[in-house]
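Have a look at the structure below before the remarks.
None of the values given here were measured: they were computed from a predicted structure.
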Amino acid sequence: MDKTNATVVSNFIFLGFTHYPQIEVIIFVLCLLMYLITLLGNIILILVSVLDSHLHTPMYFFLSNLSCLDIWYTSSALTPMLANFISGKNTISFSGCAAQMYSSLAMGSTECVLLSVMAYDRYVAICNPLRYPIIMNKKICVQIAAGSWVTGSFTALVETVSVLQLSLCGRSVINHFTCEILAILKLVCVDTSKVQLIMLVISVLLLPMPMLFICISYAFILSSILRISSLDGRSKAFSTCAAHLSVVVLFYGTALSMYLKPSTIDSQEVDKFIALVYAGLTPMLNPIIYSLRNREVKVAVKKLLVGTLFVLFQSLVANDIYKY
């Protein structure tokens, strides 16, 4: 065996955005803001979905799952980068890199499946409203959501194990800010055709196929909406889908540009900025989109904020009375 092939990599070094020292601090500040807004927005969405009885419906159950995915995905991608920038180390252990890669792949894959499930939920709600409570009952919703998580976790495990068992020949410098699977593949010094085939099959199963399912669902939805005679009825039906459509376009647009681009295009610098949008901007915008386009969510958020402020006010008053 060649000596270099036997070299074991115990730590990786991130190049991150060191090629852009003049804007590195700006990128750090933007990423920190995106992460904090993502946490705040998605936590609020989860809380209102759980606490407000009016939102105990399949759509908001799936939306809560989407918020959990966004928090986990953004945390796995951006938190190490922010910590490394503050510490100045820019390193990660092999096991840490494996965990980060798996988490990112699992959350991204699960979101692909979950978005198609949410499209089916809207299809049943609009095209078959009388049977909606029967078809999308609590048991079915839990099973579908669990199936989405299991599918994403399994495919991520297959991809992670397939890549990390390949020889790196001692190469440990990653031209990225995270352990992104395509960046790790560039370190591999052996034939990667089998792994790339596995990734292609999984990418086709989790990107174009769910997109096709979403398109078919919305074709039926649009047909049903156009048959509604009332203008208010049409507007209400479309408003329930507008937020989901916006999230689908944003998510799949960035995902397709990353994982299904032609092999002739090789620009890791572009990939890093696309990854920032995918890991930071998209999860940050999801709760904002659903809040702005959904009256029920806006009302629930207002009630939560007013209730929280009222409790804080009562606590302050009680403390003042206790002092006197």
Side-chain angles (χ1 to χ4, degrees), residues 27 30-46 49 59-60 62-78 81 103-123 145 148 152 177-178 180-182 203-219 221-222 238-261 270-295 297-298 301:
I27 292 173
L30 289 176
C31 288
L32 180 61
L33 287 175
M34 285 193 294
Y35 180 60
L36 293 176
I37 294 171
T38 297
L39 282 181
L40 179 64
N42 283 291
I43 288 173
I44 288 175
L45 263 184
I46 293 170
S49 298
M59 184 175 79
Y60 294 106
F62 293 130
L63 183 56
S64 298
N65 277 264
L66 183 65
S67 293
C68 289
L69 285 171
D70 286 339
I71 290 172
W72 192 348
Y73 181 79
T74 306
S75 297
S76 67
L78 294 187
M81 185 194 77
S103 296
S104 297
L105 288 172
M107 296 308 101
S109 301
T110 303
E111 188 159 345
C112 287
V113 181
L114 191 62
L115 286 175
S116 64
V117 167
M118 293 172 76
Y120 176 72
D121 171 71
R122 292 300 83 209
Y123 159 74
S148 301
F177 63 86
T178 183
E180 204 270 330
I181 190 168
L182 297 178
S203 295
V204 170
L205 289 174
L206 293 178
L207 287 172
M209 287 189 67
M211 279 188 66
L212 178 62
F213 183 81
I214 291 170
C215 290
I216 293 171
S217 298
Y218 274 103
I221 290 171
L222 182 60
F238 183 76
S239 66
T240 63
C241 303
H244 178 254
L245 269 175
S246 301
V247 170
V248 166
V249 171
L250 190 62
F251 176 81
Y252 279 102
T254 51
L256 287 171
S257 64
M258 280 183 66
Y259 294 107
L260 287 182
K261 67 181 181 181
V270 174
D271 285 349
K272 282 189 277 190
F273 286 99
I274 294 175
L276 269 185
V277 174
Y278 191 67
L281 188 62
T282 303
M284 181 189 76
L285 291 178
N286 285 353
I288 296 173
I289 291 170
Y290 272 100
S291 299
L292 290 177
R293 291 187 171 274
N294 196 306
R295 183 177 175 275
V297 174
K298 285 191 284 187
V301 170

Could you grab the distance from atom [atom1] of [X] to atom [atom2] of [Y], nearest 0.5 Å is fine?
X	Y	atom1	atom2	result
Asn65	Met118	CG	CE	9.0 Å
Ser109	Leu205	OG	CG	10.5 Å
Ile216	Met211	CD1	CE	12.0 Å
Leu207	Leu212	CG	CG	12.5 Å
Leu250	Asn286	CG	CG	6.5 Å

Practice item. Under the side-chain contact (heavy atoms from CB on, under 4.5 Å) rule, what do Phe177 and Leu276 come out as? Steps first, then yes or no, please. Key: CA-CA 9 Å; Phe177 63 86; Leu276 269 185; 3.9 Å; yes
Practice item. Please confirm whether the backbone N or O of Tyr73 pairs with a side-chain atom of Ser76, one donor and one acceptor, at under 3.5 Å? Key: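 Present.
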Practice item. For the pair Tyr252 (side chain) and Cys112 (backbone), establish whether a donor and an acceptor sit closer than 3.5 Å, ignoring hydrogens and angles. Key: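 Judged by distance alone, yes, a pair lies under 3.5 Å.
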Decide yes or no for [X] and [Y]: does some side-chain heavy atom of the first lie under 4.5 Å from some side-chain heavy atom of the second?
X	Y	answer
Ser217	Arg122	no
Ile27	Phe273	yes
Asp70	Glu111	yes
Ile46	Cys68	yes

**Study point:** Ring centres under 6.0 angstrom apart (Tyr123, Tyr218)
**Key:**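 Centroid distance Tyr123-Tyr218: not below 6.0 Å, so no.
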Review point. Using the benzene-type ring in the case of Trp, are the ring centres of His244 and Phe251 under 6.0 Å apart?
Key: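 No, the ring of His244 stays outside the 6.0 Å limit from the ring of Phe251, centre to centre.
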Where is the tightest heavy-atom contact between [X] and [Y], given as atom of each residue plus distance?
X	Y	value
Ala119	Ile221	O-CD1, 4.2 Å
Ile214	Ser116	CG1-CA, 3.7 Å
Ile289	Ser246	CG2-CB, 3.8 Å
Pro208	Ser203	CD-O, 3.2 Å

Check your understanding: Which residues pass the ring-ring contact (aromatic ring centres under 6.0 Å, His included) test with Phe62, sequence neighbours left out?
Key ->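 ring-ring contact (aromatic ring centres under 6.0 Å, His included) check on Phe62 returns nothing, list empty.
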Using a 3.5 Å cut-off and no angle test, enumerate the donor-acceptor pairs between side-chain atoms of residues 34-45 and protein atoms at least two apart in sequence or in another chain.
| residue | atom | partner | partner atom | Å |
| --- | --- | --- | --- | --- |
| Tyr35 | OH | Ser75 | OG | 3.1 |
| Tyr35 | OH | Thr79 | OG1 | 3.4 |
| Thr38 | OG1 | Met34 | O | 2.6 |
| Thr38 | OG1 | Met284 | N | 3.4 |
| Asn42 | OD1 | Ser67 | OG | 3.2 |
| Asn42 | ND2 | Thr38 | O | 2.9 |
| Asn42 | ND2 | Pro283 | O | 3.3 |

**Study point:** Evaluation steps, side-chain contact (heavy atoms from CB on, under 4.5 Å), between Cys31 and Met81
**Key:** CA-CA 9 Å; Cys31 288; Met81 185 194 77; 3.3 Å; yes
